Undergrad: 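I have a structure here, written as structure tokens, and I will follow up with some questions on it.
Note that these values count all heavy atoms, side chains included, but never hydrogens, waters or copies made by symmetry. Since we're looking at a predicted model, the values are computed, not measured. Residue numbers begin at 1 in each chain, while the letters A, B, ... track the order of the sequences.
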Amino acid sequence: AQSVAQPEDQVNVAEGNPLTVKCTYSVSGNPYLFWYVQYPNRGLQFLLKYITGDNLVKGSYGFEAEFNKSQTSFHLKKPSALVSDSALYFCAVRDERGSSNTGKLIFGQGTTLQVKP
Amino acid sequence: DVKVTQSSRYLVKRTGEKVFLECVQDMDHENMFWYRQDPGLGLRLIYFSYDVKMKEKGDIPEGYSVSREKKERFSLILESASTNQTSMYLCASSSDRRRGNQPQHFGDGTRLSIL
């Protein structure tokens, strides 16, 4: 069965330190993976995606993610965290059930990132 | 930039009422989606539509229906609202042109309370 797991409900980091938000997935075929961010009282904003190619994907606001096929992971990273990065982060994988080109996604449960000054 | 607009940010309704949530996108996207977001559960797909008048059930369709009469508009209907439908509702759209690898674009959500 397809699934996405974000093993940490919350991640706390100090401003200026590197951050990692973890995501693991389970799919039967090649994964299409996405990261989104949600600020309070807002919808989700797209950060980056992995479809194929280079395992290190760069996205918005200085975020990047590393695809690791052997570990079935797609962790979100940033070299130096900002207080303004504090938000709720969602990992998602393309839903392969049914027709593959409907663009449906399966979302993880979300990880709250808290960056302290 | 893609804009997905949900008609209400906050809505309070009573048990048993018929509730309509409206969503409009301005990028001619084929796909549109309705999710509900609850703490600890992430986003769960209620319904989606891949074309005008076409719809498919998501993972939690019970108690909901949808309507897509025009490409840009996707409506979520709570036939008879119940308190367990109190939640944040998110609408999204995406282009179908590259076979499922396009990101979804979200509205700001409607926080619905059923009393």
Undergrad: Check the hydrophobic clustering (I, L, V, M, F, W, Y; side-chain heavy atoms under 4.5 Å; chains of links allowed) and say if Val13(A) and Phe63(A) are grouped together.
TA: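 Looking at the clustering, Phe63(A) is in the same group as Val13(A).
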Undergrad: With a 4.5 Å limit on heavy-atom distance, are the side chains of Gln102(B) and Tyr32(A) in contact?
TA: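 Side chain of Gln102(B) against side chain of Tyr32(A), heavy atoms only: no contact under 4.5 Å found.
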Undergrad: Should Leu41(B) and Leu76(B) be counted in the same cluster of Ile, Leu, Val, Met, Phe, Trp and Tyr side chains packed under 4.5 Å apart?
TA: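 The answer is no; the residues belong to distinct hydrophobic clusters.
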Undergrad: In terms of hydrophobic clusters joined by side-chain contacts under 4.5 Å, are Tyr61(A) and Leu19(A) together?
TA: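 Yes, it is one cluster - the side chains of Tyr61(A) and Leu19(A) are joined through contacts under 4.5 Å.
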Undergrad: On a heavy-atom basis, which atom in Leu44(A) and which in Phe106(B) lie closest, and how many Å separate them?
TA: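 Minimum heavy-atom separation between Leu44(A) and Phe106(B): O-CB, 3.4 Å.
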Undergrad: Can you tell me if CZ on Arg42(A) sees more than 12 non-hydrogen neighbours from other groups inside 6.0 Å?
TA: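 Not buried by this count: 12 neighbours or fewer within 6.0 Å.
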Undergrad: Hey, what do you get for CD (Gln104(B)) to CZ (Phe46(A)), rounding to the nearest 0.5 Å?
TA: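 The distance works out to 11.0 Å.
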Undergrad: Name the region of Leu88(A), side chain, backbone, both or neither, that has any atom closer than 4.5 Å to a heavy atom of chain B.
TA: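 Contact with chain B is through the side chain of Leu88(A) alone.
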Undergrad: Please look at Gln38(A) and chain B and tell me whether the side chain, the backbone, both or neither of the residue comes under 4.5 angstrom of a heavy atom of that chain.
TA: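 The answer is the side chain of Gln38(A).
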Undergrad: Looking only at heavy atoms, which of residues 45-61 of chain B get nearer than 4.5 Å to chain A?
TA: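 The stretch touches chain A at Leu45(B), Phe48(B), Asp59(B).
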Undergrad: Are there more than 12 heavy atoms of other residues, nucleotides or ligands under 6.0 Å from atom CG of Asn84(B)?
TA: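 Buried by this count: over 12 neighbours within 6.0 Å.
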Undergrad: For Ser28(A), give me all partners under side-chain hydrogen bond (donor to acceptor under 3.5 Å, both in side chains), at least two apart in sequence or on another chain.
TA: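 If we apply the side-chain hydrogen bond (donor to acceptor under 3.5 Å, both in side chains) test to Ser28(A), skipping adjacent residues, the hits are Glu96(A).
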Undergrad: Where does Leu90(B) contact chain A at under 4.5 Å (heavy atoms): side chain, backbone, both or neither?
TA: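 Interface part for Leu90(B): side chain.
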Undergrad: Heavy atoms under 4.5 Å from chain A: which residues of residues 5-17 of chain B carry them?
TA: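 Only Arg9(B), Tyr10(B) of residues 5-17 of chain B have a heavy atom under 4.5 Å from chain A.
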Undergrad: Using the test side-chain hydrogen bond (donor to acceptor under 3.5 Å, both in side chains), find all partners of Thr86(B) that sit at least two apart in sequence or belong to another chain.
TA: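 None.
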Undergrad: Following the transitive rule for hydrophobic clusters with a side-chain heavy-atom cut-off under 4.5 Å over Ile, Leu, Val, Met, Phe, Trp and Tyr, establish whether Val4(B) and Leu21(B) coincide in one cluster.
TA: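 Val4(B) and Leu21(B): separate clusters.
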Undergrad: Side chain, backbone, both or neither: which part of Asp9(A) has a heavy atom under 4.5 Å from chain B?
TA: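 Contact with chain B involves no heavy atom of Asp9(A) at all.
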Undergrad: Under the 3.5 angstrom rule, does the side chain of Tyr36(A) hit a backbone N or O of Pro103(B) as a donor-acceptor pair?
TA: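 No, because the side chain of Tyr36(A) does not come within donor-acceptor range (under 3.5 Å) of the backbone of Pro103(B).
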Undergrad: Say whether Tyr35(B) and Leu78(B) are linked into one hydrophobic cluster, either directly or through other cluster members, by side-chain heavy-atom distances under 4.5 angstrom.
TA: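 No; tracing contacts between hydrophobic side chains, which count when under 4.5 Å, never links both residues.
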